[in-house]
Amino acid sequence: MSESQLRAKYVRRFHTLDSAGDGYLDQAEVQERAQRFLGAMGEPATTPRGMAVKKGAAAFWEQLAKLAGVQSEDRLDEEAFVGALLRARELGTIGDLVGPSVEAHVTLVDSDGDGSVSLDEFLRSQSALGLPERDSRRAFEQLDLDGDGLLDVEEWQRAVIDFYTSPEEDSASALIMGGRS
């Protein structure tokens with residue numbers, strides 16, 4: 001597994017999250033991204049599902065800041081962000097880093113509340129994030145490991161963890177995370 005490939009993927013992820021484009025990432029930007037996603041999904045931040053998404057984003061940031069060795073009110077530059085992710089990968093804590101956010105994301109996307117995400121629900125969420133439908137359809141097929149036409153939290157979380165731990169550029173996880181170059 002090539003660390004340079006992972007670094008390149010993490011750098012692209014940093015720039016995806018750095019909405020201000022100033023070379024720094026802070027808690028406000030992580031929360032703004034969560035808020036934009038809620039808005040695109042038509043979910044108020046004040047509902048239980050909306051609050052879970054915001055809480056998941058906050059947990060991601062708290063863990064990321066801790067891994068980077070900074071306070072939560074501080075900001076991270078690209079190198080600190082990449083270093084924190086490499087540290088989480090080395091420690092085996094990527095799941096802890098992304099777990100609350102992924103669970104809240106899946107709960108939000110599961111619009112009918114049946115505990116699984118259908119292809120239509122998945123496509124809607126990926127569209128809200130600005131990802132192409134063709135890539136989203138392909139990703140869904142690859143993520144649906146048991147072939148039941150539905151994604152559950154475990155399948156989605158496995159994909160996000162794969163994104164942060166595998167250098168593969170053309171995997172389903174890279175498609176859903178916007179990680180391709």
Minimum-distance pair of heavy atoms, taken over all atoms of [X] and [Y]:
{"X": "Glu32", "Y": "Ser19", "result": "OE1-OG, 3.7 Å"}
{"X": "Leu150", "Y": "Ser116", "result": "CB-CB, 3.8 Å"}
{"X": "Arg75", "Y": "Asp22", "result": "NH1-OD2, 4.1 Å"}
{"X": "Leu108", "Y": "Phe37", "result": "CD2-CE2, 3.4 Å"}
{"X": "Ala57", "Y": "Ala34", "result": "CB-CB, 3.8 Å"}
{"X": "Ala45", "Y": "Gln35", "result": "CB-OE1, 3.4 Å"}

Can you check whether [X] reaches [Y] side chain to side chain, under 4.5 Å on heavy atoms?
{"X": "Asp18", "Y": "Phe81", "result": "no"}
{"X": "His15", "Y": "Arg12", "result": "no"}
{"X": "Arg138", "Y": "Gln142", "result": "yes"}
{"X": "Val106", "Y": "Asp152", "result": "no"}
{"X": "Met41", "Y": "Leu38", "result": "no"}

Heavy-atom donor-acceptor pair, [X] side chain to [Y] backbone, under 3.5 Å:
{"X": "Trp61", "Y": "Asp26", "answer": "no"}
{"X": "Asp144", "Y": "Leu151", "answer": "no"}
{"X": "Gln63", "Y": "Phe60", "answer": "no"}
{"X": "Asp110", "Y": "Asp114", "answer": "yes"}
{"X": "Glu121", "Y": "Ser111", "answer": "yes"}
{"X": "Glu155", "Y": "Leu145", "answer": "yes"}
{"X": "Ser136", "Y": "Pro132", "answer": "yes"}
{"X": "Ser166", "Y": "Phe163", "answer": "no"}
{"X": "Ser101", "Y": "Val98", "answer": "no"}

Charged N-O contact under 4.0 Å between Glu133 and Arg137: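 Salt bridge present between Glu133 and Arg137.
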
Salt bridge Glu79-Arg7, side-chain N to carboxylate O under 4.0 Å: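 Answer for the salt bridge query: yes.
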
Any side-chain donor near an acceptor of the partner, Glu103 and Thr107, under 3.5 Å: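 No - no donor-acceptor pair under 3.5 Å links their side chains.
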
Kindly compute the distance separating [atom1] ([X]) from [atom2] ([Y]), expressed to the nearest 0.5 Å.
{"X": "Glu29", "Y": "Arg36", "atom1": "CD", "atom2": "CZ", "answer": "8.5 Å"}
{"X": "Arg87", "Y": "Leu64", "atom1": "CZ", "atom2": "CG", "answer": "10.0 Å"}
{"X": "Glu62", "Y": "Ser72", "atom1": "CD", "atom2": "OG", "answer": "4.0 Å"}
{"X": "Leu85", "Y": "Phe14", "atom1": "CG", "atom2": "CZ", "answer": "11.0 Å"}
{"X": "Thr165", "Y": "Leu86", "atom1": "OG1", "atom2": "CG", "answer": "11.5 Å"}
{"X": "Leu25", "Y": "Arg33", "atom1": "CG", "atom2": "CZ", "answer": "10.5 Å"}

Gln71 atom CD: more than 12 heavy-atom contacts under 6.0 Å: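 Check fails, neighbour count at 12 or below.
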
NZ (Lys66) with more than 12 external heavy atoms under 6.0 Å: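 Incorrect, the count does not exceed 12.
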
Mutual orientation of the aromatic rings belonging to Tyr10 and Tyr164 [parallel < 30°, tilted 30-60°, perpendicular > 60°]: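 Tilted: the ring planes of Tyr10 and Tyr164 meet at 30° to 60°.
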
Pair Glu43-Val53, side chain to side chain contact (heavy atoms under 4.5 Å, CB included): steps then yes or no: CA-CA 10 Å; Glu43 186 75 27; Val53 168; over 6 Å; no

Leu91-Val70 co-clustered via ILVMFWY side chain contacts under 4.5 Å: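 Yes, one cluster joins them.
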
Same apolar cluster: Tyr24 and Leu67, side chain cutoff 4.5 Å: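 No, Tyr24 and Leu67 fall in different hydrophobic clusters.
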
Worked verdict on Phe122 versus Leu143 for side chain to side chain contact (heavy atoms under 4.5 Å, CB included): CA-CA 11 Å; Phe122 184 78; Leu143 295 175; 4.0 Å; yes

Side chain to side chain contact (heavy atoms under 4.5 Å, CB included) evaluation trace for His105 with Leu129: CA-CA 12 Å; His105 186 100; Leu129 293 171; 4.1 Å; yes

Steps toward side chain to side chain contact (heavy atoms under 4.5 Å, CB included) verdict (Val82, Leu6): CA-CA 9 Å; Val82 170; Leu6 278 171; over 6 Å; no

